[in-house]
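What follows is one structure encoded as structure tokens, with my remarks underneath.
The residues of the chain are indexed from 1 along the displayed sequence. Every number for a ligand or one of its atoms is a count from 1 in the order of the listing.
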Amino acid sequence: MSDQSSFDKPRLAVLGLGHVGLPTALGFVELGWEVIGADDDASKVAMIQSGQAPFYEPGLNDLLARGLASGRLTLCHCVEEAVRAATILFVCVGTPQKETGEADLSQVEAVARVIARNLNGYKLIVEKSTVPAITAQWIKKTVARFAKLVDATGRQAAEFDVASNPEFLQEGKALENIFHPDRIVVGVESERARALLERLYHPLGCPILFTNVSTAELTKHAANVFLSTKISFINMMADLCEEVGADVTQVALGIGLDPRIGRAFLNAGIGFGGYCFPKDLRAFMYLAKEHGVDCGLLEEVENLNLQRVALFVKKVRQAVWVLQGKKLAVLGLAFKGGTDDIRESPALRIVKALLGEGARLRVHDPKAIEATRQELPPQAGCLEYCPSPYEAAREAHALLILTDWEEYRELDLARLHELMEVPVIVDGRNLLNAEAARSAGFEYVDIGRSSAPPRLKAYRSGP
Ligand code: UGA
């Protein structure tokens, strides 16, 4: 194959069509590239081919419809075929965690071997999955070994590059992040790889940071770990605010207006979840420990996060007294608003803890009920899934807000008040306006927005 022709109009392959791969593939199609999307799960590919994304992401089905109509998107369940047909290969397979916290890179390794066996010309292999630093080195070695490209002197004898181009997509905002990124990070080892990726991303008009490959890999992990740290920090602050009669949202604003700190990711609540932060935090700690770097700071970030569920259940207990037999309306199951994803959802952990204490739950979520039902089937009288927040609230002894869905901000408080047996709200996301809730007649409990006078403690004076 002529390398010149592939440089003129390289075809892209996206290997793995999950939460990262599918939006990435459709984003490139929209930007005018020819893309082959491959996933070895044939039923997932068939679903996408039929015009239905396998998960909820705002705007994704419309983008998929446009992609299918454009003629620039090919879908297949044969990864080999996609590798042979394309020049730039985006590796978007899962990197779940092992028991130890270490990232399980078996899917990455498997793809590297498929690439090795189908190396029919120059390939630029781009890691998009979140992986620990130096994974690219392993991909490079694996491809060279399995393609039998290493000659007797140990020199690599065929052309391919490995680059790292981590994604910073947030579920629920993936398309916004794809078309209007705040930065693109690209780790490369050759001019050729740099030129190809620059050509791909230049039209987006955002800063492109070129680094070496390990730096790009580490940058992704560092971003997620830093954001998790901000969340645990503000949650700790919220606990203290409750003790001293301060308001954590105002503290967040007061420090966040300082551009050195920034207001984002300082929302106190029931803790961070999802497929990324908890897993990446553990994988990062594993990596740090392996290299002898003290990561005690991050252990605390994780501990603080794990405590959030028990602290919230305690808040509910303090609000309703005995949990056994209490009818609770639960609003929200997804790990955050804007997604149907319940992986590592703190909301789900709270639901399970409350069921364990004998509470009777009527639950609502705008998108995540189906996924939850599979993990937690309904139990008559104990766990019922409801089509609206108002249905969930019927005759409840308290209403709990566990996911920050925008539509919960707009709840009709008077209607809720009428439907509930006891007007108590425990807001795990500080979603409602406390004053409005209280003036609508609710006993309202939130996270760290204390209106209560400080709990007086006697301080020891002097040594
Ligand atoms: C996160 C990162 O934000 C993305 O940049 C990254 O690309 C992605 O992981 C990934 O590695 O693939 P995501 O998992 O979609 O994105 O969710 P976030 O919006 O970051 O929220 C994570 C968790 O933190 C949620 O449970 C959310 O409710 C919680 N959170 C977030 C807070 O508790 N407080 C905040 O102020 C912000």
*Considering only the protein, which heavy-atom contact is closest to atom 36 (O) of ligand 1, and what is its distance?*
N267 N, 2.8 Å
*Can you establish whether the number of heavy atoms outside F179 located under 6.0 Å from its atom CZ is more than 12?*
yes
*Hey, does the Lys NZ or Arg CZ of K230 hover above the aromatic six-ring of F265, less than 6.0 Å from the centre and inside 45° of the axis?*
no
_Looking only at the side chains, is there a donor atom on one of D104 and S106 sitting less than 3.5 Å from an acceptor on the other?_
yes
*Donor-acceptor pair between Y275 and D341 side chains, under 3.5 angstrom*: no
*Hey, could you give me the OG1/CG distance between T95 and D280, rounded to the nearest 0.5 Å?*
6.5 Å
_Heavy-atom pairs closer than 4.0 Å: do any link ligand 1 to the side chain of K230, the backbone, both, or neither?_
neither
_Side chains of R343 and H19, donor plus acceptor under 3.5 Å_ = yes
*Is it true that G273 lies under 4.0 Å from ligand 1, counting heavy atoms only?*
yes
*Short list, please: which atoms of ligand 1 are under 4.0 Å from a heavy atom of L266?*
36 (O)
*Are side-chain heavy atoms of E242 and K315 found at a separation under 4.5 Å?*
yes
*Identify the closest protein heavy atom to atom 18 (P) of ligand 1: which residue and atom is it, and at what distance?*
K336 NZ, 3.6 Å
_Sub-4.0 Å heavy-atom approach of G274 to ligand 1_ = no
_Side chain to side chain, L281 and M285, heavy atoms closer than 4.5 Å_ = yes
*Check: L304 main-chain N/O paired with N235 side-chain donor or acceptor under 3.5 Å*: no
*Counting heavy atoms only, name the option from F335, Y275, F168 that's nearest to atom 26 (O) of ligand 1.*
F335
*How does F277 reach ligand 1, if at all, at less than 4.0 Å between non-hydrogen atoms: by side chain, backbone, both, or neither?*
side chain
*Under 3.5 Å, side chain of D427 to main-chain N/O of L400, donor-acceptor pair present?*
no
*asked:* How far is atom 28 (O) of ligand 1 from the closest protein heavy atom, and which atom is that?
replied: R429 NH1, 2.8 Å
*asked:* Less than 4.0 Å is my threshold; does some heavy atom of H19 fall inside it relative to ligand 1?
replied: no
*For ligand 1, note which part of N224 has a heavy atom under 4.0 Å away: side chain, backbone, both or neither.*
side chain
*Tell me which protein heavy atom sits closest to atom 32 (C) of ligand 1, plus the residue, atom name and distance to 0.1 Å.*
I231 CD1, 3.6 Å
*Quick one: does D404 get an N or O within less than 3.5 Å of an N or O on ligand 1?*
no
_Using only atom types and a distance under 3.5 Å, with no angle test, would you say the side chain of S345 pairs donor to acceptor with the backbone of I342?_
no
*With atoms numbered from 1 as shown, which atoms in ligand 1 lie under 4.0 angstrom from a non-hydrogen atom of F272?*
23 (C), 24 (O), 26 (O), 29 (C)
_Nearest-neighbour protein heavy atom for atom 3 (O) of ligand 1, which is reported as residue plus atom name and distance_ = Q170 CG, 3.3 Å
*Considering the heavy atoms of C276, write down every atom of ligand 1 situated less than 4.0 Å from one of them.*
8 (C), 9 (O), 10 (C), 11 (O), 12 (O), 14 (O)
_Shortest protein contact, atom 37 (C) of ligand 1 (heavy atom only)_ = F265 CD2, 3.4 Å
*Please could you name the atoms of ligand 1 that E171 approaches to less than 4.0 Å, counting only its heavy atoms?*
15 (O)
*What's the shortest distance from atom 6 (C) of ligand 1 to any protein heavy atom, and which residue and atom give it?*
L169 O, 3.3 Å
_Proximity of K173 to ligand 1 by residue part, where a heavy atom lies under 4.0 Å_ = neither
*Aromatic ring proximity F90/F28, centre distance under 6.0 Å*: yes
